[in-house]
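None of these values were measured; they are calculated from a predicted model. In the text below, chain A, chain B and the rest are named by the order of the sequence lines, each starting its count at 1. Side-chain atoms are counted along with the backbone in the values below, which use heavy atoms only and exclude waters and symmetry mates.
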Amino acid sequence: MEDQIKINLNGSIFFIKKGTHLSEILSEAQLSDKPILFRSEGQLLDLSYPADRDLEISPVYAGDPAALEVLRHSAAHLLAHAVTDLFPGVQVGIGPAIENGFFYDFLRDTPFTPEDLEAIEKRMREIVSLNQPIKRLVLSKEEAIKIFRERGQTLKIELIEEKGGDQVSCYQQGDFIDFCLGPHLPSTGYIQHFKLLSVSGAYWKGDERGPQLQRIYGTAFFSQKDLDDYLNFLEEAKKRDHRRLGQDLDLYGTSEDLGAGLVIWHPRGAIIRHLIESFWKEEHLKDGYDFIYSPHIAKLDLWKRSGHTEFYDAMFPALDFEGFKYQLKPMNCPFHIIAYKSRQRSYRELPLRWAELGTVYRYERSGVLHGLCRVRGFTQDDAHIFCRGDQLEEEIKRVIRLAIKLLGAFGFKEYGVYLATRPEKYVGRLEDWNRAEKALEEALKHSGLPYQIDEGEGVFYGPKIDIKIKDAIGRLWQCTTVQLDFNLAERFDLTYVGEDGNFHRPFLIHRALLGSMERFFGVLIEHYKGNFPLWLAPVQMIFLPIADRHEACARELAEKFRAEGFRVQVDDSREKVNKKIREAETLKIPLMAIIGDKEVSSGKLSLRVHGQGDRGQFEVVELIARMKEIVNNKSLEIIL
RNA sequence: GCCAGCGUAGCUCAGCCGGUAGAGCAGCUGAUUUGUAAUCAGCGGGUCGGGGGUUCGAAUCCCUUCGCUGGCUCCA
C-alpha cells in the first residue's frame, strides 16, 4: 500500500496510485458536475495534478473567481500557442492573467497588425475546437532547457534559469509547451468565450533598457454573457470618456500651441471647478484649516534643500535670471514649510493645518500623459499639517473624515483604502515610523473603512494612506493621499518649543483629498457621464421660448431665477422648440422650461427634466424653492 | 522616454496603389412663428498638424518635428 495515496474529497476517501492524476477519482466520486480544478489548502491544482502525497481536496467549478484567473491564464497559453503556430520563429515571453483578462508578450521583428489579431483569434478557436488536453509536465531543469533550446525559445530559457529549481513544471497542449507554474484547465475546449483586444509595446521584464516586446491583450470568461457584459462595459467606459465629453460639452481644451499636458478650463468647466473649490474651501474652514497662497517658482536652492533636485525626477529645467536659478514648483510643501519657519512655533499653537489649492508643474514623460488624469500642470488640493506626536492619530482621523465627507458629497460611496508601510530604504527615526504607522492604522480602524496593508510599499520619507474611489461603473481612481514626511521635517529642521522649553520636531502630514482638480474633474465627468448634478451643472436651467412673442416672457422668468442665484440661459435662436430641446438635451442641461402662450398667460412653467422628459406645469415660486433644496443638499438626482 | 497607431473645415469623419479636397453637423444669410430630441433653402470656411525630401505633380510615398491614442515605465 506504499504507493497508494489517500485523497479526501469533501470527506469521501479515495485511494489512488502514486503519480496518477487526481482526476482518477472522478469516475468513482459522486459529483453533480465535473470540476475543472481542485482546491487543496487554499491552492488550486490541475485535474491532471499527479498525486504525490495524501491530499484533502474540494472541487472547483466554473463560477469560482479563482477559476476565472486560471481560465485566463490558459487563454494566454492558447494565445501563445496560436501565435507560435502562425508565426514560426516568434519568441514567447510571459503571459499571465491580469485583472480584466490576460496578455502574452512576444519578441518579433514586425509588429502585429489588427488583421494578425483576427487571424490569431481564428487559430485560437481552431485549437479550442480540437479540445487538446492541457498536460502538466514535471521535468528536470536540464530537460526543460533542452526542450526550449530545440524550439529556439531563448527568453524561456532565461526564465527557467532564473526561476526554476531542480525540477520545473511545464504545460503542454498539442505541440505547444510553456514553462509555467500552473494550474490550468483540463483542456483547450474549456476556453470558449474570449476576445483579443489590443496590441502594445512592453519591455522584457519591465526593464526599459531591455528588448521591446509586443504585448497582445485579450480577455476571457466562462460564459458568453459575462464576455458580452465586459465588452459592453468597455463601450460604456468609452461613452463616458472625459476627453470625449470634455470636447462635446465644451468643458476644457488643450492645444498644440500650449504644449502637451497643459489644460485650459473653458467657461463651462471653469464654473464647475469654481463650485468645487468653493465647497472645498468652506469645508476646510469648518474643519479648522487656514489657507496659504504660494508662488509658482522659487530659487533652485530651496529644492536642493528639500532634496527634490536629488530624489525627484519630474522637475522642469530650472530658469536662469538675475544671477539666480529658479525652479517651477513640482510640489507645494517647501512653501508651507518656509511659512512655518517664518517664526518660532510653540507647542500651544499646534496643530497647524494649512491648505492651498496649489498649482504645480511636473515634467511627466510624454508617453504617460492622459487627458485630465495625467497632465504637466495641475492644481493639488493640498494641505500640510504640523502637529505633535500626541496629536497625530486625531489629525489623521480628521483628515480621513474630511476626505470621506468631500468625496461622499460627489456621490462616491465605495472606496479602496491602502496603508503603505515602511520600505527597506527609508529616512527618519524608526520610532517615529512606528508611531506614525500605528496612528495611521488606528485612524483607519476608527473610520470603519475596510483597508488593506501594503507592507513595505510606503515612500522613503514616510508611511501613507491612499484612498481610491469607485466610480459609477466600478472603476477605482486614486484621489486621496495622506503621507507622513520625515524627510522634509528633518531637512528644514522644523521645530517647536515644547512645554519643557526644549525644541522638538513636529510631525509633518502632507495630504490631498481630491488629489488634483484636473484628475478629479476628469473622474467626475466620467462618473456622472457628463450629467452633472444640479449644484454643479454649468447651466442649470434653460428657457425655450416657442415663438418670438414668448421671448420677453422667457427673459423675464430667466431674470427671476438668475436673481435667486441660478445659472440660467434663454435659447433665443430662431429654431423650432423641438430643435431647442434637442440642443439642451445634448448639452445635458438639467432643467428646460418651455415658454409658449399657455405659460405667458398662466405665469407657470412647463418643465422638462434631462433624462426624464416632460414633467408638466410648475409654479415659479415652488420650483425655485425646490431647486434651492436640491442644490443645497447637493442631490445627485432631480426629484420634483 | 520606448513600441505601435493616428493627425484632412469649429466638430465627427470620407478621400490615401501620387493628378492638386468632400459629406453631415456647427457657423452666416434668408424664408418659416412653430408645444417636448434635428423646418427648408442658399452661402462662406481647409497652406490636408509644422518643416524638409522624392516626383512633371504629394492629403496620398520618405525623413524630421509637434500633438494625440493604446500600452510599457511612472504617477496627483
Counting only distance, no hydrogens or angles, is the base of G67(B) paired donor-acceptor with the side chain of S255(A) under 3.5 Å? no
Selected nucleotide, minimal atom distance to E599(A) side chain, candidates A37(B), C11(B), G35(B): G35(B)
Scan residues 514-524 of chain A for pairs that pass salt bridge (Lys or Arg N to Asp or Glu O under 4.0 Å), counting only residues two or more places apart or in two chains. R273(A)-E518(A)
Between A59(B) and C3(B) - C1' atom distance, rounded Å: 26 Å
Starting the side chain at C-beta, find the nucleotide from C2(B), G67(B), U73(B) nearest to R365(A). U73(B)
Please give, in whole Å, the distance from G50(B) C1' to L258(A) CG? 16 Å
Length of the CZ-P vector between R374(A) and G1(B), whole Å: 14 Å
Do we see Y217(A) stacking on the base of G71(B), given a limit of 5.5 Å between centres and 30° between planes? no
What donor-acceptor contacts under 3.5 angstrom involve side-chain atoms of residues 255-267 of chain A, with partners at least two apart or in another chain?
from	atom 1	to	atom 2	distance (Å)
S255(A)	OG	D257(A)	N	2.9
H266(A)	ND1	D250(A)	OD1	2.7

Quick one: is U33(B) close enough that its OP1 or OP2 comes under 4.0 Å of any side-chain N or O from R549(A)? no
For a quick check under 3.5 Å, do T219(A) and N100(A) share a side-chain donor-acceptor pair by atom type? no
Do the side chain of R243(A) and the base of U69(B) come within less than 3.5 angstrom through a donor-acceptor pair of N or O atoms? no
Once you round it to whole Å, what is the distance between C1' of C74(B) and CZ of F378(A)? 12 Å
What integer distance in Å separates M315(A):CE from G1(B):P? 19 Å
Starting at atom CD1 of I465(A), determine the distance to atom P of A76(B), rounded to an integer number of angstrom. 15 Å
Think K579(A) has a side-chain N or O under 4.0 angstrom from the OP1 or OP2 of A26(B)? yes
Applying the 3.5 Å cut-off to both distances, the Watson-Crick or G-U partner of C25(B) turns out to be G10(B)
Strictly below 4.0 Å: does H370(A) bring a side-chain N or O up to OP1 or OP2 of G71(B)? no
Can you tell me how far P of U36(B) sits from NZ of K598(A), to the nearest Å? 9 Å
Given G35(B), is OP1 or OP2 found less than 4.0 Å from the side-chain N or O atoms of R608(A)? no
Would you say the ring centers of F87(A) and F112(A) fall short of 6.0 Å from each other? yes
Contact under 4.0 Å: S366(A) side-chain N or O vs G1(B) OP1/OP2: yes
To the nearest Å, give me how far apart CD (E364(A)) and C1' (C68(B)) are. 17 Å
Round to the nearest Å and state the distance from L369(A) atom CG to G70(B) atom C1'. 14 Å
